[in-house]
Protein chains: 2
Amino acid sequence: MSTHGPDDAAAAPREKKTRRGAGGITLRDVAKLAGVAPITASRALNTPSAVSPEVLQRVREAVERTGYVPNMLAGGLASNKSRLVAAVVPTIAGPVFLETVQALTEALAERGYQLMLGQSGYRDSREDALLETIIGRRPDGVVLTGIMRSPEGRRRLLASGIPVVETWDLTPTPIDMLVGFSHEKIGAEVAAYLHRRGCRRVATISGDDERALRRHRAFSDAAVKLGMALRGENKVPSVVVPAPTTLGSGRRGVADLLAGHPDIDAVFCSSDLLALGVLTEAQARGIRIPEQLAVVGLGDLSFAADLHPALTTVRIDGTTIGRTAAQFIIDRAEGRPVASPIHDVGFTIVERGSA
Amino acid sequence: MSTHGPDDAAAAPREKKTRRGAGGITLRDVAKLAGVAPITASRALNTPSAVSPEVLQRVREAVERTGYVPNMLAGGLASNKSRLVAAVVPTIAGPVFLETVQALTEALAERGYQLMLGQSGYRDSREDALLETIIGRRPDGVVLTGIMRSPEGRRRLLASGIPVVETWDLTPTPIDMLVGFSHEKIGAEVAAYLHRRGCRRVATISGDDERALRRHRAFSDAAVKLGMALRGENKVPSVVVPAPTTLGSGRRGVADLLAGHPDIDAVFCSSDLLALGVLTEAQARGIRIPEQLAVVGLGDLSFAADLHPALTTVRIDGTTIGRTAAQFIIDRAEGRPVASPIHDVGFTIVERGSA
DNA sequence: ATGAAAGCGCTAACAG
DNA sequence: CTGTTAGCGCTTTCAT
């Protein structure tokens, strides 16, 4: 406004340029109603102990009367804390990560944090795009299922400064924090377990995701060392099926296995669903479990214990993973240092009827 | 600043009070680097067609060089569009809603929206608290699995003005939009189906959630009308198990049922997992399916078709529900009217070996 | 096609 | 314990 127009010198100061005014109740309205400054109303809601009981009372009444709901977008922008945590899973369709996601959601909700869910697919391509939209929300933390392999992704995440928890795997060089277990150790221990149970011709059915393949490899190597492979072979028979794994691929997998190697006496499946498929196919063919064929699954899903025969499987404590990840993120978000940011939750071989 | 201090009249204007400065790259930095005003950089990113190709180029380079990631909290606050959609499920642990959540996540991601996940539990109590935190995020839409029963919840949602899609159910009076199917119709049609197959002594195993119980009731009523209940009885035998349902509760459920009513010839289960439990128990007891006992599940989960015998079940197209809900929300968010905001996706009885 | 100003709703910083 | 002021980083409005 470089020149004054001809209008009266005492003209009312040009009225406030009001914008889209979402129309909603704001903290200002509440404060006005309670007869205090907005910041005081803010304190009454966020740090009740910092205001007088009388003011607290008045503000609460005003909130009640107006039905005010704080705008956390605005709050997050101002305070640089979004109270949002992003989780990235390959797919939510496979039941494997559910327990982790559920525990994560609950543990976060208890502390006033919300979960944003992203699916990366089992191929890496979408992960980078997903990362961009996640970082754009300025979450207080990111939980990854599996470790981030793409160097580009690691860089972005690191650069963003957002606390990151990688899960469901172990690496000496996590981006930031880690809650997981060793897939290699699982493979080796299952092989040893089957060996102790007297199995000598073992095989695997494995999803084609990277972690399952690593379990398979470790299993195969250990089995060879224990003399459970065909003489002269340096690996055990195996079928790879596309992730996410299903009962159907388990049935077909064991059928393929049996066609090529009728003499196998044990199968290590990369998921309980696959194992259920093996049990199903065995039942259909009249193969006795575990006498003719021992079966080991992975996941200890809710149905494993109640199957007939009950499924021997590798239990991963997804709940602990989820809760620990939540704790790590919240500690960081609230400025508490995380003592030991690498946590191995281990695993358990749950011995049941099928092996 | 009511009085001027004694400082020099020509004093430098007291330097900007810099705040927590998250330190990140902002649109300003990008704009400066590109030699344009922030708003121009904003336009280059959001409406590329509104700036000259030359400017577009320079801005893109600046983004590239700086690794700038837009702050969507700030954008959302300014534009009143968060590009966030909230989904509320009873629990993510039951595999029933997974397909819907997955489709929803994907359909939203394709259009640049993110999903926030909330678990309400099967009891209503947590739903209200959840609603508050959801509304606080000012999402562009809310997807509810099941219809909102609490009047308080309906009021809040309505008052918030946020587009709402209720799913997995049908009601003539939705809060806003609806994508679902009739649980009553399912109950009635399954009863008719079993009657056609010659069953005359039917029973149910049902989760204790509200929708499952409605299916049970409709099934029972229809069965009575068709003469499939004991003479003089106005309902069919039934066992209610806690939600979420499991294979184990299916096994125990059918055991209970058989103990009280050894003559039943068909069981309608409120989930495929329950049905799998019935199949398992039957196998353990040597009961022939479907000759001695017909079994019908619900959900058509991935394993249903590959079971032995294959499971006859009610298929709900969760993917269509999810995609349609996403479409509804996005249409609303982008100002397009939703032609018919109530969509019945129906269901299919998938006839397989178990009934 | 580009820019200046204003402000979305909230909270950090600094007084009183 | 309460208030004033100045932004958080972006986009709308209005002008050019």
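Computed from heavy atoms alone, side chains included, the values below leave out hydrogens, waters and symmetry copies. Throughout, protein chains are lettered first and strands after them, A, B, ... in sequence-line order, and every chain is numbered starting at 1. Everything quoted here is computed from the prediction, not taken from an experiment.
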Once you round it to whole Å, what is the distance between [atom2] of [N] and [atom1] of [X]?
X	N	atom1	atom2	answer
A/K32	D/dG3	NZ	C1'	16 Å
B/L73	C/dC8	CG	C1'	12 Å
B/L77	C/dG9	CG	P	7 Å
B/K81	D/dT12	NZ	C1'	12 Å
B/N71	C/dC8	CG	P	18 Å
B/N80	D/dT13	CG	P	11 Å
A/R137	D/dC10	CZ	C1'	14 Å
A/R83	C/dG9	CZ	P	22 Å

Just to verify, what does [X] make a side chain to side chain donor-acceptor pair (under 3.5 Å) with, not counting sequence neighbours?
X	value
B/R58	B/E54
A/D331	A/Q327, A/R336
B/T100	B/W168
B/T173	B/T171

Output the residues of residues 38-47 of chain B in contact with DNA chain D, where contact means a heavy atom of the residue under 4.0 Å from an atom of the strand; sort by number or write none.
-> B/I39, B/S42, B/N46
Output yes when B/E132 and B/R156 qualify as a salt bridge under the 4.0 Å nitrogen-oxygen rule, no when they do not.
-> yes
Could you tabulate the donor-acceptor pairs under 3.5 Å formed by side-chain atoms of residues 111-118 of chain A, not counting sequence neighbours?
from: A/Y113; atom 1: OH; to: A/E334; atom 2: OE2; distance (Å): 3.2
from: A/Q114; atom 1: OE1; to: B/T133; atom 2: OG1; distance (Å): 3.3

For B/N71, all residues meeting side chain to side chain contact (heavy atoms under 4.5 Å, CB included), sequence neighbours excluded | A/L77, A/R138, B/L73, B/A74
Quick note, A/T26 side chain, CB onward, closest among C/dT11, D/dT12, C/dG9 is C/dG9
Which of these nucleotides, D/dT2, C/dG9, C/dG7, is closest to any side-chain atom of B/A78?
-> C/dG7
Return the minimal non-hydrogen interatomic distance between A/G322 and A/A103, and the atom names on each side.
-> CA-CB, 4.1 Å
Considering heavy-atom distances to DNA chain D, does A/P53 or B/M72 have its closest nucleotide positioned more toward the 5' end?
-> A/P53
Per the under-4.0 Å heavy-atom filter, residues of residues 54-69 of chain A near DNA chain C come out as A/Y68
Toward the 5' end of DNA chain C, which comes first, B/A74 or B/G35, by nearest nucleotide?
-> B/G35
Answer yes or no: does a side-chain N or O of B/S52 lie under 4.0 Å from OP1 or OP2 of C/dT2?
-> yes
Apply salt bridge (charged side-chain N to carboxylate O under 4.0 Å, His left out) to B/D140 and list each qualifying residue two or more places apart in sequence or on a separate chain.
-> none
